[in-house]
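If you're wondering where the values come from, they're calculated on a predicted model, not measured in any experiment. Chain naming here is simple, since letters A, B, ... match the order of the sequence lines and numbering starts at 1 in each.
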There are 2 protein chains.
Amino acid sequence: MAATIKDVAKKAGVSISTVSRVINDSKPVSSEIRKRVLEVIEELEYKPNEVARSLVTKKSYLIGVIVTDLGDSYVAEMVRGIEEVGKMYDYDILLCSTFGDKEAELKYLRLLNTKQVEGIILISNTLNNELHEKTKQLRIPFVYLNRFYYQDYPTVKIDNFEASYEMTNYLIGLGHKDIAYISNNGDKFYLEKDKLEGYKKAISEHEDCEEIIYFSKDRDIEDGYDVARDIIGFNKEVTAIFCSYDELAIGVLNYLYDNDIKVPDEISVTGFGDIKIASIFRPTLTTIKEPFYDIGAVAIRRIIKELKGEIADNSDIILPFQIQKRGSSIKIK
Amino acid sequence: MAATIKDVAKKAGVSISTVSRVINDSKPVSSEIRKRVLEVIEELEYKPNEVARSLVTKKSYLIGVIVTDLGDSYVAEMVRGIEEVGKMYDYDILLCSTFGDKEAELKYLRLLNTKQVEGIILISNTLNNELHEKTKQLRIPFVYLNRFYYQDYPTVKIDNFEASYEMTNYLIGLGHKDIAYISNNGDKFYLEKDKLEGYKKAISEHEDCEEIIYFSKDRDIEDGYDVARDIIGFNKEVTAIFCSYDELAIGVLNYLYDNDIKVPDEISVTGFGDIKIASIFRPTLTTIKEPFYDIGAVAIRRIIKELKGEIADNSDIILPFQIQKRGSSIKIK
DNA sequence: TTGAAAGCGATACCAG
DNA sequence: CTGGTATCGCTTTCAA
């Protein structure tokens, strides 16, 4: 068995209170005794049992992180941010993956609560209305991260409208007039709505441009592939395709590659997100960089602040984005 | 404050022992009392405090997972496997990322220990000799996963020699004779050694083939890019390039793309690993599928078995691999 | 079948 | 500055 505080106390000939004091240096201890205790600790390789400690202090130094799927690079990126910043404040990450199952979101919310996590970050990709009551009950700091939907919880994100507006203007600036936009869904709860509006606004500000909007079935690579076929088939004059998600853009690039259509020479393609593959793929993808790492980092930062009792209003945090200009877009000839 | 077992006991008019019995059904409780207790639990929304429970049972239902970087898709994949199987046995994952820092590996080993994790899985990408003594001290199940080096701990992997041998034979079967192999390093502790041997053996068994071995500086995409330049520059007759890691292969494909060399028409390229991007990239990459998810799954399975006292010898577990034939390789004309 | 009481390993308050 | 002791929330003997 591992040594306990009692073992140390006995061997050092002091009380457990004293041992506790030296390991936490919570109260003054004579340097003589401190030294002896430290020696015994060394000797016994004593390490305080954090579980016991948690029980009395009510601090677990654990943050629960519920994610959809680490297999999505943007999720992994957020978790990196969460973890790295968490560690700076001695917080550890308890990880749960839902694989898109709403039931699981609720289940893990409960589970993490029994494990006494001090805060919870949920990275979701669906809409979940049952969430509300559960999160209220918990009474622990909670941040909701969702790249697709908008729901009424504290969150961290970029200004999707503005980003989309800028990207469209960037393409217009390159001389493109027939810019197709691949949207996923413009309904109420979708962040996509903002993006779509951004595109529309930019287009409407330029007389020689017209809205060309296509809707994809979903937002995976295959969906981009399918829409690309439609666009190319029906709309020969399109010179640029702006996709509301990088995943769609990759699908578009794949379709164009398979059909020997040169990017960017014949057609420019841009995405949204800057997921990992965007800079690796050939051609490299021009896209809007959503700072996933920072989003995670800021999310946990917010939780820790709240834990420390520092003011934390319920407002969303908006992070800056960037237009990453890469090989898939070019000035029109 | 959340309700405790005492609150439940008081409200139900029974002792806490009884409450404990019903929530664990560890001992018979009259159905009448059970019902009442259950009602109160419902009413108070009582959820047992797992921390307190851990303290007495010595079971935290926590497995520590130390990884290099979730940003590497294969790591994320392993963690998925670990977590999904872990959950089946009610285990949760405590995640720590080292970003390649050896010191951090040791540090987190200690940390996880104080957090009373019941087992540890380390996903590493370096050699770490100081590990040995630390892991022995812990006396908890430990599995070591490393895609690059071999170190003397229980691990889960594929037969790298055999995989490399098969892939080389596959290319030979396609009619290729001048097959370049990009190795990272053939030294003692490198798994790479086995791969290199596999390639050599296959080549040696075919009279009209000759070893063409290039060494990359490291094993990232850029390194593959650099080596490709060398190969193309110095070895015009090469018709196939077999890379010891998918990352290198992606670099090679990028170089060929940038220099207008058609894959697979002019040259075939194959990789090793089947990381996520391999099947997305164009052309899709022919490669050896290392079952990362399964490796993680089996690793935690092993730990849980050991925890249950089921026999667990110290031998490595070898998982099957597969040759994924995709678009980057073709029969020679 | 039930309850009382002893711990699990630490912290923290109260005396001295 | 140091020690004794209650306590955190729960499980687990031991008696009844």
Side-chain angles (χ1 to χ4, degrees), chain A residues 1-38 40-41 44-62 90 110-118 140, chain B residues 1-38 40-41 44-62 90 110-118 140:
Chain A
M1 265 340 274
T4 73
I5 197 171
K6 272 188 192 162
D7 302 325
V8 175
K10 193 183 299 173
K11 186 142 190 173
V14 297
S15 72
I16 60 171
S17 320
T18 303
V19 177
S20 176
R21 276 165 204 141
V22 354
I23 60 188
N24 296 307
D25 40 28
S26 42
K27 291 211 174 169
V29 172
S30 75
S31 64
E32 212 179 333
I33 292 191
R34 146 168 278 111
K35 186 159 161 275
R36 184 144 40 104
V37 171
L38 254 15
V40 175
I41 286 178
L44 262 38
E45 299 190 47
Y46 166 74
K47 285 166 208 69
N49 179 329
E50 291 295 334
V51 168
R53 197 176 255 179
S54 294
L55 185 58
V56 21
T57 59
K58 305 285 178 214
K59 291 200 62 62
S60 63
Y61 282 103
L62 247 32
D90 291 326
R110 268 193 302 276
L111 173 73
L112 290 173
N113 190 232
T114 67
K115 295 251 184 189
Q116 310 300 120
V117 299
E118 297 182 38
I140 56 178
Chain B
M1 261 344 272
T4 73
I5 197 170
K6 271 189 193 163
D7 302 323
V8 176
K10 192 184 298 174
K11 186 144 192 171
V14 297
S15 72
I16 60 170
S17 322
T18 302
V19 177
S20 174
R21 276 163 202 142
V22 354
I23 59 186
N24 297 305
D25 42 26
S26 44
K27 290 213 174 167
V29 172
S30 74
S31 64
E32 210 179 332
I33 291 190
R34 145 168 281 112
K35 186 160 159 276
R36 184 145 37 102
V37 171
L38 253 15
V40 176
I41 285 179
L44 263 39
E45 301 191 46
Y46 166 74
K47 285 163 207 74
N49 178 328
E50 291 295 334
V51 168
R53 198 176 253 180
S54 294
L55 185 58
V56 20
T57 60
K58 306 284 177 214
K59 289 199 64 60
S60 62
Y61 282 101
L62 247 31
D90 290 327
R110 268 194 301 276
L111 173 73
L112 290 173
N113 190 232
T114 67
K115 294 252 183 188
Q116 309 302 118
V117 300
E118 297 183 39
I140 56 178

Please tabulate, one pair per line, all N/O donor-acceptor pairs under 3.5 Å involving side-chain atoms of residues 4-17 of chain B, not counting sequence neighbours.
from    : atom 1 : to      : atom 2 : distance (Å)
B/Thr4  : OG1    : B/Lys6  : N      : 3.2
B/Thr4  : OG1    : B/Asp7  : OD2    : 3.4
B/Asp7  : OD2    : B/Thr4  : N      : 2.7
B/Lys11 : NZ     : B/Glu43 : OE2    : 3.2
B/Ser15 : OG     : B/Ser17 : N      : 3.4
B/Ser15 : OG     : B/Thr18 : N      : 3.3
B/Ser15 : OG     : B/Thr18 : OG1    : 3.2

(message) To the nearest 10°, give me the bend of the helix from C/dT1-D/dA16 to C/dG16-D/dC1, comparing the axes of its five terminal pairs at either end.
(response) 40°
(request) Identify the 5'-most and 3'-most nucleotides of DNA chain D with at least one atom closer than 4.0 Å to a non-hydrogen atom of chain A. (result) D/dC1 to D/dG9
(request) Sequence neighbours left out, what passes salt bridge (charged side-chain N to carboxylate O under 4.0 Å, His left out) with A/Lys59? Give chain and number order. (result) A/Glu118
(request) Under the salt bridge (charged side-chain N to carboxylate O under 4.0 Å, His left out) rule, collect the residues that match up with B/Lys27, sequence neighbours excluded. (result) none
(request) Give, for atom CG of B/Leu38 and atom CD1 of B/Ile41, the distance between the pair rounded to the nearest 0.5 Å. (result) 5.5 Å
(request) To the nearest 0.5 angstrom, please state how far the CD1 atom of B/Ile23 sits from the CZ atom of B/Arg53. (result) 5.0 Å
(request) Quick one, give me the B/S/- string for nucleotides 8-16 of chain C, reading 5' to 3', where B means a protein heavy atom under 4.0 Å from the base and S means that only happens at the primed atoms, P, OP1 or OP2. (result) BBBBBB---
(message) Regarding B/Glu32 and B/Lys35, does a basic nitrogen lie under 4.0 Å from an acidic carboxylate oxygen?
(response) no
(request) Taking the side chain as every heavy atom from C-beta outward, state whether B/Arg34 and B/Asp25 have any pair of such atoms under 4.5 Å apart. (result) yes
(request) State the NZ-CD distance between A/Lys47 and B/Gln116, to the nearest 0.5 angstrom. (result) 11.0 Å
(message) If I take atom CG from residue A/Asn24 and atom OG1 from residue A/Thr57, how far apart are they, to the nearest 0.5 angstrom?
(response) 9.5 Å
(request) With rounding to the nearest 0.5 Å, note down the distance linking CG in B/Asn49 to CG in A/Asn113. (result) 9.5 Å
